Q: 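Mind looking over this structure? Questions follow.
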Amino acid sequence: MSELSISGSQVQLQPPPQVQPQTASPVVEPFRITTNAPQMSDVNLTPGRRKLQKWLGRVLRIVITDGRVLVGFFNCTDRDANIVLSMCAEYLVEGQEPRLLGNVMVAKKHIVSLNIDEPTPSSSLLAQ
Amino acid sequence: MQGITTEQPTDFQAATAAAAAAAAAAAAAAATVSAMRTKSESRDLEREREGNSISEQDEWSVSECGFNDPEVQRAMRGGSAAEDITQYPIHGWVDVTQEFHEACAELLPGELAQDMLFGLFEAMSAIEIMDPKMDVGMGFDKFDLPPPSFEAAVAMGAIKLDALEPAELIGVFDALFACLVSWLEGNSMDQVLFTCLYLHAPSQIQDKALRVFCIAVRNLIVVIKNIIILAAVNEEEDFQLYGNSALLGAEKAQPATIAGQLKDVEDELVRKCKKLPPAEDQNLMAVVHRLRFMRHLFQAIYQVELMASAESAEEAVNEIYKNLNVASELLPLIKRTIERGTQPVEGSEAPNPMGFSPRIHDRSQPPTFPRSIKIRERPASYQFLEEMVARFKYACKVIRHKDYYSALNFFIEYSRKSGHCILSRSVLQNLFSSSIRLAHGKQSMKRFLRHSVQAFNSPPVLNLKHPVASDPKVQQHLETFFRYCTNMNTFNQFIRLCGFNRARQRDKLAHLIENFDPLQVDAVRLDSLMNQLANERAMEGNELHATALKHSTHFSTWVLYNCFRAMLIYLMSGFELELYAVHEFLYIYWYPYEFLVGFLVSALTRTENILLAQEEYAEHQSKLQVNGGGGGAGGKNRKAAKPKKNKKQQRPYRQEIIYYHALLSLCGGMYKAMGALTKDGRVRLPMSKFDNEEIRYNRRFAPFVPLTSPPPVSYAEFKSIRDHMMLSSVEELYSVAAKHFDQARNVLESIQNPEQEILDLLQIARTNFVVMNVLARGHQKELKRQPEFDFSKHTYFPIIKLK
């Protein structure tokens, strides 16, 4: 977990201003967290953050370098795209019996592709 | 939940256990939210949530309904997930790889995008995928064949069921012993023992020696598990109690028949041996030795399990000891013949080329399992078994310790020497007491404690020969007190606690110390009742009874003494576990120096004085009786028995008092030395901005706070005492510390026939004396480097080393 700086030790106390969201409060926040908690909803997020916020809590499918497929709820990520999934199922072969792993952390270097379970226009029509 | 359990084959029970537990939690949580929710409904809800994800209506309602507690929310969320994760995707996968990476790149270094329920717990419990220590799925390939099962291996001809060569038998046996040892060291049974396919279905093995040995191993597993469960001194880090019980359940355990079966095979093989030419029987004899070792080890362990129902504890322990003796004699023979067996293939995970399927259960393990398994090498395994048998033999000596004082000492000693092996610790617990109400076989705890107080400071009221013992009032009070002691379970708990691993002991001691408080109160009350009775009897003119009851502090001394010991062990165990920072040493050593060790010494001295006074009085009484002719029935008996006992009993705690004197000087030396080093600027202190010494101090002594006696010492008091000490110059402080160490040296040198511990302490005292003197003379005055504290000689006291 070393790359995921839970402790906040890697946080730059003074982030370069160009990366800061333009409309963010002028006070430098020592530890920024983007979350999907309703209390935290912030209309001034950058587009990328807003996307991440939308995806949080949804089901994410990760194909990793050795061919396994991990499906779990998207819980957390950081700048380096290290991802934490909860209630994760591990498929050696998709469609076959998975093994339930619980919380897993996937480092960026092992990620091959990412898929989110999301209604596309066509599938939402099917659902209705 | 149902979907999961029905779809999985039965032998994956272990895997589904975790899922089932989660599902159960889900069911419970679901019940609290809405009584009944069908699957389709829940899916509708899920869809609704998806639809509303931007406005977050659903989430709002959750928190508005008062489910703000993260635990509840987690259960709710986790719950629905346990049901559904395998049914995703609901909508269909949309590739977001590129988008995702771009979005992440917008985050600042260290910034997280996290789910509302994500916290440190989730972060810490996450398995790192592709980390070989955590990720068991790693290295599995979809093209790999599944690891062979017993049936598959037999069908393929990978394992022989009949006519095994002696070398093959030796190989399998040694590998199984190695697995057994690895299991006892805390690995999962499934991942070590049950990688041996022979253990899956021993009844199908035709080779008699192998069959019986495998049956014995299976029974041994059951027996060992029982012993460990019964002793209940295991923690999750010590031992994996749960394995795939379905594998064990397939064939019933019949531990009583094992020894006989093993004996039969042994005899058969010995006969076979005799027919062989002398040069060729070596391998076969090696097989026989292993079977015989198994038989005696099994018998010894099985008898430990049966201790609870044994008629006489002594006989049972003797029987165990005999078996252990034979077993330990066989081990050198076995170790010498290890290389006669088939050896594991270089680079293979299997402990033996035939009969093992190393990864067979990997995927059925719960995901949070420690799963990087390294099975011990064979010579190391036999080494472990040899030491274990020696520990068992040592544990048998507990039978000699008939009273609480010496039993506790034995347990503390044993824990120090054998604290790392769960089975050894459990065996000792079983040998001592089979249930929490019993000690030494069938003796009730109440009687044991009564006897123990008598052995400790021999209050006349407990001496059955003394007429005062039959006083109904006295009896009633005693009965109440001892019933309270056994109900509180504190004394018993102290002994049991010594069975836990060293790190857990500290935790549990903290609670134990708290429990001593009500006992102290009760003991003091008992003592004062005795004194009150003494006055009453004196008024009645019953001089003998009055004297026996007067000035009684027996019971409170006894309780206090045990409490002090628990406190000292608690405090000092922090050094062993490396919990204290160097700048904390000062007050940790200060407390025993200023209070605790002094209390212990005075409790023991008081006890000795009481004993002495009683003996003198008894002598005086008996002289009077001889002269006066009259007297109680017990008078004559005592006169005959006492003189001998007197000599031995004169100062029964002398050794221990001397030891504590030495400890006192060492603590004093360390306290002053730390003071001097701190004042000298040689101790690295934390930045005051990030540290509060008062909080540290209060945390360190927190378990002592609930006690009325000794009263807790506040930080302010400590501070003023330290400030006072710090008034002296650095040189003075160094020389005072040196003086303390010198004193300790003197005391330690006075001990005759010193044990290793005393010799080690002596070396510490000597070295530190020199170091302190050197520092007092101003050595390395300018170099404000923190000295090294080397605890390798003793867990309580370091050798101070200047770099």
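In this text the structure is predicted, and so the values were computed from the model without any measurement. Lettering follows sequence order; numbering is per chain, from 1. What's counted below: heavy atoms across the whole structure, side chains too, no hydrogens, waters or symmetry copies.
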Q: Using non-hydrogen atoms only, which part of A:Leu85 is less than 4.5 Å away from chain B: side chain, backbone, both, or neither?
A: neither

Q: Between the side chain of B:Glu128 and the main-chain N/O of A:Met105, is any donor-acceptor distance below 3.5 Å?
A: no

Q: Please check: side-chain N/O of A:Arg79 versus main-chain N/O of B:Leu107, any donor-acceptor pairing under 3.5 Å?
A: yes

Q: Which pair of heavy atoms, one from B:His101 and one from A:Leu114, lies closest together, and at what distance?
A: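 That closest heavy-atom pairing would be NE2-CD1, 4.3 Å.
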
Q: Got a sec, which residues hit side-chain hydrogen bond (donor to acceptor under 3.5 Å, both in side chains) with B:Glu237, two or more places apart in sequence or on another chain?
A: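 With sequence neighbours excluded, B:Glu237 shows a side-chain hydrogen bond (donor to acceptor under 3.5 Å, both in side chains) to B:Asn501, B:Arg504, given in chain and number order.
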
Q: Heavy-atom distances under 4.5 Å only: say whether A:Val112 touches chain B with side chain, backbone, both or neither.
A: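 Answer is backbone: N, CA, C or O of A:Val112 sit under 4.5 Å from chain B.
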
Q: What pair of heavy atoms forms the shortest contact from A:Asp66 to B:Met130, and how long is it?
A: OD2-SD, 3.8 Å

Q: Taking only residues two or more places apart in sequence, or in another chain, which ones meet A:Ser86 in a side-chain contact (heavy atoms from CB on, under 4.5 Å)?
A: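 Expected list: A:Phe73, A:Asn75, A:Asn103.
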
Q: What option among A:Leu52, A:Val106, A:Ile111, A:Ile116 has the most heavy-atom pairs under 4.5 Å with chain B?
A: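 Going by pairs under 4.5 Å, I would pick A:Ile116.
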
Q: Would a distance-only check, ignoring hydrogens and angles, find a side-chain to backbone donor-acceptor pair under 3.5 Å from A:Asp117 to B:Gly92?
A: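 Here the side-chain-to-backbone pair exists.
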
Q: Are B:Phe118 and A:Phe74 close enough that their ring centers fall under 6.0 Å?
A: no

Q: When you measure from the side chain of A:Asp78 to the backbone N and O of B:Glu111, does any donor-acceptor pair fall under 3.5 Å?
A: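 Here the side-chain-to-backbone pair does not exist.
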
